[in-house]
Amino acid sequence: MDKELVIVLDFGGQYNQLIARRVRECNVYCEVHPYTLGIEKIKEMEPKGIIFTGGPDSVYDDKSPRCGNEILSLGIPVLGICYGSQLMAYLSGGKVATAPVSEFGKTEVNIDTSSVLFQDVSEKIVAWMSHTDYIAEVPEGFRVCATTAVCPVAAMECVERKLYATQFHPEVMHTQDGTKMLSNFVYKVCGCAGTWKMSSFVDEAINSIREKTGNGKVLCALSGGVDSSVAAVLMSKAVGKQLTCVFVDHGLLRKNEGDEVEAVFGPEGPYDLNFIRVNCQERFYRKLKGITEPEQKRKIIGEEFIRVFEEEAKKIGAVDFLVQGTIYPDVIESGLGKSAVIKSHHNVGGLPDCVDFKEIIEPLRMLFKDEVRKAGIELGIPENLVFRQPFPGPGLGIRIIGEVTSEKCHIVQDADAIYREEIANAGLDKGLGQYFAALTNMRSVGVMGDYRTYDYAVVLRAVNTSDFMTAEPAQIPWNVLGKVASRIVNEVKGVNRVLYDCTGKPPATIELE
Ligand code: XMP
């Protein structure tokens, strides 16, 4: 792999992976590491640049995350962002204090465009701020290169030492010209050539998987969704027939999905894989009987998945490694960083405490969904598979509010199949981030053919999103919704009402549970 590397040192900020992703968008490979990485390790990695992330702490707090100031004297360019900028000021002898006025959200910033960080950036921009402390005095040798009405040091630089800092977040889309600033940093300050491509990620991942697994047997948890399919093909390229893909049909899949997955990855499909389909619908329904709390459902499904994999691994014998298609939003929303738990994604926070494998390999853990898709294309996976609708591991278990039963699964499968068919007929399928039908636990009164009905309400959801961390409700034409609603109530027994979900993320999430 190309040696050009930028390291993001994570001080607990929410956007740490977003920074890495923006740098990768500049065709420079970037990895996130904990702030404790250590100077020797950093020297060994020979990064072209280092970025300090934001974080919730105050540099004056004894327990605040800090690195030694020798990092600033290695001659490697450093960009500090938010908390990272305050840390740079603090470590270099500047003054950080509680700001008289905190700034949160979109803020107007005056930019000194003579700074190389701000080349081709407008003189007045709107940037994303989120801070209660600020740099009150820049350290010796630094100069101020951006201000706001209430923040005297919105950015500072020490050109000789290649040290740069912004109080605002250039990585966030709301910051105008933010990507330009990051590209100025990596190209003009760090001197990167920008030769990295997703193919380099694929090659590097294959090499490191081979190194890690040696001759060991590997089991891949395949759901047929985009992420686990990309992980499976990547693993198969890396370790060939040492790999067995296990596809668990837990009865919570979309209509006909079990057979569709088998058609692609099974013996009749284009891949030369060891493929096992485990049909265990009743087992999952039994475990979920009477359970209504979403986190509990997720944990039960996550645990049962692992138990099935363990059983299959025992049958194969001496399997050391379990591979999962975990991607970055799964990690962050499961609260495995410092962020709060939103929901336990079945393949991360939903894992039981004890897992009978030597190691879990998650080759896509650092990537966002659209990056995973790029990796899929690099791996030669057909576009119709790579651009499939995302489908969560816990499946319909989290698209049925309240208790899951086989009857409810059939209702939501049929409603969802109609919705997907009509969305495709209307030519809307390619333009939407994610769309599906879910089942509420609400029953309401209706009238059908002179009879009173007391049946379930189906919710239709469609969102536009690229990173799945935030999403906008999609504006589906009324005539399409009307047709879907009419087909669902007419064709799906047990449903007499259809609702459309108009909420974005936040405040809602994409899935209902
Ligand atoms: P939410 O509902 O958290 O979903 O806004 C964001 C994206 O993640 C998918 N999702 C999951 N994927 N395991 C997965 O593999 C899970 O437990 C899980 N929960 C949500 C969801 O479909 C959406 O694409």
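Numbers here simply count residues along the sequence, with the first being 1. Whatever order the structure lists ligands and atoms in, that order sets their numbers, starting from 1. Just so it is clear, the structure is predicted and the values come from calculations on it, not from any experiment.
Those atoms of ligand 1 that come under 4.0 Å of a heavy atom in F468, given as number and element, are 6 (C), 24 (O). Of all the atoms in ligand 1, the ones that sit under 4.0 Å from a non-hydrogen atom of T509 are 1 (P), 2 (O), 5 (O). For ligand 1, the atoms sitting less than 4.0 Å from at least one non-hydrogen atom of P394 are 13 (N), 16 (C), 17 (O), numbered in the order shown with element in parentheses.
Each of W128, F168, Y15 was checked for a ring-ring contact (aromatic ring centres under 6.0 Å, His included) with H174, and the lone residue meeting it is W128. When the options V323, N215, I209 are evaluated for a side chain to side chain contact (heavy atoms under 4.5 Å, CB included) with V239, the one that passes is I209. Under the side chain to side chain contact (heavy atoms under 4.5 Å, CB included) rule, Q413 has a single partner from K408, R399, K255, which is K255.
Residue Q434 has at least one N or O atom closer than 3.5 Å to an N or O atom of ligand 1. Between I510 and ligand 1, an N or O atom pair is found at a separation short of 3.5 Å.
Of the heavy atoms in P390, only side-chain atoms (C-beta onward) come closer than 4.0 Å to ligand 1. At a heavy-atom distance under 4.0 Å, only side-chain atoms of K505, from C-beta outward, approach ligand 1. Contacts with ligand 1 closer than 4.0 Å are made by no heavy atom of S223, backbone or side chain.
Under a 3.5 Å cut-off, the side chain of H250 and the backbone N or O of G393 do form a donor-acceptor pair.
Within the 4.0 Å heavy-atom shell around ligand 1 one finds R298.
Between Y271 and F265, the angle of the ring planes stays under 30°, which puts this pair in the parallel group of the 30/60° scheme. Aromatic ring orientation, F52 versus F11: perpendicular (interplanar angle above 60°, classes split at 30° and 60°).
Of the charged side-chain nitrogens involved, at least one lies within less than 4.0 Å of a carboxylate oxygen, so that D370 and R21 count as a salt-bridged pair.
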